[in-house]
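Data first, discussion second: the structure below is written as structure tokens.
Residues: numbered from 1 along the sequence shown. Order of appearance sets the numbers: ligands from 1, and atoms from 1 within every ligand.
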Amino acid sequence: MTGEYVPENHPRTESLRIRHAIIDGLKNNVVAEAGLIAHGRGEALDYLIGEKTNPFAIKAIEAAAALLLLAKHPVFSVNGNIAALVPDETIDLSKAVPLALEINLFYRTREREEAIAQVFTSRGVSEDSLLGIALDKRTEIDEITHNRRIVDNRGINVADVVFVPLEDGDRTEALVSRGQKVVTIDLNPLSRTAQKSHITIVDNLVRAMPILVNKVNQLSSNSKEQLEKIISDYDNDLILKEAEKAIRSI
Ligand code: PTJ
């Protein structure tokens with residue numbers, strides 16, 4: 001963290017701290033150059049939702065927790081921004097559900113795969129359990145033309161629920177067309193990913209992830225029927241409309 005650039009008494013200390021985590025991630029090969037642009041877009045949208053976790057996000061987080069707990073083979077698709085901003089929460093979620101972590105990159109290079117793997121192995125995750133990097137386990141999803149088509153045949157390829165925060169729309173559509181359930185976190189309720197996912201958490205990744213981990217822990221003792229009820233009562237179109245309304249009414 002480039003902490004020296006982040007004065008403690010600055011009115012936007014937290015926002016600067018997060019921004020510098022992304023910049024450090026770029027320097028360490030974790031974040032793609034386009035990840036900075038994505039982050040800037042996220043910052044702008046975060047202003048518009050009041051830089052807080054709104055009720056529409058809380059409802060989506062509860063449904064996401066229920067869906068992840070009900071899944072037989074849930075997989076968390078990890079990209080550069082996630083590794084830079086919420087590595088600890090990502091590991092917490094992988095233990096709480098439990099779910100597999102798969103590194104899946106739009107701007108895929110061997111250097112970035114290794115740098116992102118290092119973020120997790122340095123925090124105690126075993127290299128063997130990190131999917132998406134072993135060359136002999138790779139396969140390709142026909143429906144996707146770009147790099148995200150490269151998936152692990154133990155992970156995203158066979159997952160029933162895929163968690164894809166900060167995503168580009170193509171893959172979400174492809175996963176949905178393959179019959180897989182998709183959960184995302186995206187500050188833009190109008191993005192294709194937000195629109196096509198089954199559950200869309202319109203919130204900043206940094207705020208939403210710890211809440212999601214807590215929610216999974218809280219719901220983990222619920223019965224299958226109780227979890228199914230949470231999902232059947234949930235309406236993602238309504239949630240997206242509420243998020244869009246919050247942005248337009250500012
Ligand atoms: O690491 P890679 O190579 O897999 O690349 C990752 C990026 C993020 C560069 C890639 O997936 C990409 O280009 O994504 P997009 O198309 O820019 O979409 C990112 C979406 O996430 C946008 O809708 C942003 O508004 C949103 N976003 C950005 N930062 C945050 C966010 N949503 C939630 N929390 C954030 N902190």
Original post:
Without hydrogens or angle criteria, can the side chains of Asp186 and Thr193 be said to hold a donor-acceptor pair below 3.5 Å?
Top reply: no

Original post:
What do you reckon, does His39 have a nitrogen or oxygen under 3.5 Å from a nitrogen or oxygen of ligand 1?
Top reply: no

Original post:
Is a side-chain donor-acceptor pair under 3.5 Å present for Arg112 with Asn29?
Top reply: no

Subject >> Contact check, Asp203 vs ligand 1, heavy-atom distance below 4.0 Å >> reply: yes

**OP:** Answer yes or no: is there an ion pair linking Arg154 with Glu102, defined by an N-O contact shorter than 4.0 Å?
**Re:** no

Original post:
Between Glu43, Arg112, Arg148, Arg108, which one has a non-hydrogen atom sitting closest to atom 3 (O) of ligand 1?
Top reply: Arg112

Original post:
Under a heavy-atom criterion of less than 4.0 Å, does Leu45 contact ligand 1?
Top reply: yes

Original post:
With a 4.0 Å cut-off, would you call Glu225 and Lys229 a salt bridge?
Top reply: no

**OP:** For ligand 1, find out whether one of its N or O atoms is nearer than 3.5 Å to an N or O atom of Gly80.
**Re:** yes

**OP:** Indicate the atoms forming the closest heavy-atom contact of Leu105 with Asn79, along with that distance.
**Re:** CD2-CA, 3.7 Å

Original post:
Mind checking whether Leu187 has an N or O less than 3.5 Å away from an N or O of ligand 1?
Top reply: yes

Original post:
Any N or O of Asn188 that comes nearer than 3.5 Å to an N or O of ligand 1?
Top reply: no

Subject >> Name of the residue among Val202, Ile201, Asn204, Ile58 meeting side chain to side chain contact (heavy atoms under 4.5 Å, CB included) with Thr53 >> reply: Ile58

Subject >> Nearest-contact summary for atom 12 (C) of ligand 1 - protein heavy atom, Å >> reply: Asp168 OD2, 4.2 Å

**OP:** Can you establish whether the number of heavy atoms outside Glu228 located under 6.0 Å from its atom CD is more than 12?
**Re:** yes

Original post:
Do Phe106 and ligand 1 have an N or O pair less than 3.5 Å apart?
Top reply: yes

Original post:
Would you call Asp170 and Arg192 a salt bridge, taking side-chain N to carboxylate O under 4.0 Å as the test?
Top reply: yes

**OP:** For atom 30 (C) of ligand 1, state which one of Leu166, Leu205, Asn204 supplies the nearest heavy atom.
**Re:** Leu166

Original post:
How far is atom 20 (C) of ligand 1 from its nearest protein heavy atom, and which residue and atom name does that atom have?
Top reply: Asp186 OD1, 3.8 Å

**OP:** Starting from atom 17 (O) of ligand 1, find the nearest protein heavy-atom neighbour and note its residue, name and distance.
**Re:** Arg41 NH2, 2.6 Å

